[in-house]
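Since we're looking at a predicted model, the values are computed, not measured.
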Amino acid sequence: MVSSHEIVPEFARNHINLASAGLGAQAIFATDDFFAPVERMLFDAPAVFIPDKYDDHGKWMDGWESRRKRGPGHDFAVVKLATPGIIYGFDVDTSHFTGNYPPACSIEACISETEPTDTTAWFELLPQSALGPSSNHFFACGDKGVWTHLRLLIYPDGGIARLRVYGEPWRDWSQIPVNEEIDLASALNGARVVAYSDAHYGALHRLLSPGRGINMGDGWETRRRREPGNDWIIVQLGHPGQISRVVVDTAHYKGNYPDRCSIHGADLGPVSGGLSQSIVTSSMFWQEILPEKKLSMDAVHDFSSTDLVSANRVSHVRLNIFPDGGVSRLRVFGTI
């Protein structure tokens, strides 16, 4: 298991998981998933191990697990990504699979508007690579193609706890009308979290996910602040634009929602993943977009253009919460 932030590669820190079930990724086929259904492999939460949990097929495992192969060949699973995207790397996670992990895997990809068939052309992104027990296995991907589906091949059988595919959603922005309002802060449009003051609870990446939060763990929540100041989170928008409307959703946060919020923003142009500290420093001088507004528990707060004080083009926004608490979803609507 990965226990240190320093050994997580940059592609896993700075890009979204295109294989996230929470974003809409789907496992659409597996040659065999007798012991554990392939859908679990795409769950967002870290895999867990429950010592005394069994089902009709044997030991319950949190991931995808095929039965022991007794002949030639190997198993594979096909995954539809949450959105077409460019892939920068993979995490093939065998957490809790110790005597039943595959010794090796490879990954192929295709681009298809429909479900792949026997005639679909697949392209190798990861050659056959060794796997070990109960570990994260990070593999960089140098291919810069746009892909819609992946095929994970395991040799010859066994269990994978989680498959994470780190990349960048692809959109043909030239096809978006300049006056069309779009959620620039949606992860499916390429938005991502750059930095934050604290994220002790919940799952901060879910702040930019579609839909409303399903519970109090499905969003960004900070610890209780015991010193002066306030908490904040910085988001790089999927595309620079002029903001017309902001939605701050405190779904399921009742005794721990922020008292107030505000938003600042700036147009920083193209920024590489390694400049997050520079962005944090510069954010002290960003323009105010939404002045401080009161929030309430478990509610959708829709701030219209009349609530905004700036209409300048921005590429990054900083959501400030006062003094601390939880926000389920952030939507930043605007035109490109």
Sub-4.5 Å side-chain heavy-atom contact between Asp75 and Trp64: yes
Working for ring pair (Phe, Tyr, Trp, His ring centres under 6.0 Å), residues Tyr166 and Phe138: CA-CA 10 Å; Tyr166 294 102; Phe138 293 105; 7.0 Å; no
Distance, nearest 0.5 Å, that separates OG of Ser186 from CZ of Arg192: 15.0 Å
Approximate separation, where rounding is to 0.5 Å, of Ser262 OG and Leu319 CG: 7.5 Å
Check against ring pair (Phe, Tyr, Trp, His ring centres under 6.0 Å), Tyr88 and His15: CA-CA 8 Å; Tyr88 294 97; His15 296 283; 4.3 Å; yes
Between CH2 on residue Trp232 and CZ on residue Phe322, distance to nearest 0.5 Å: 13.0 Å
Glu227, CD atom: more than 12 neighbouring heavy atoms under 6.0 Å: yes
Asp307 side chain near Leu290 side chain, heavy-atom distance below 4.5 Å: yes
Separation between CG of Leu153 and CG of Leu126, rounded to the nearest 0.5 Å: 10.0 Å
From His301, Arg329, Met297, residue fulfilling side chain to side chain contact (heavy atoms under 4.5 Å, CB included) relative to Thr250: His301
Under 3.5 Å side-chain donor-acceptor pair for Arg245 and Ser304: no
Flag for Thr222-Tyr196: side-chain donor and acceptor within less than 3.5 Å: no
Asp93 and its salt bridge (charged side-chain N to carboxylate O under 4.0 Å, His left out) partner, picked from Arg164, Arg162, Arg40: Arg164
salt_bridge(Arg223, Asp324) N-O dist < 4.0 Å: no
Leu330 and Val246, any side-chain heavy atoms less than 4.5 Å apart: yes
Distance, nearest 0.5 Å, that separates CG of Asn17 from CG of Asp44: 6.5 Å
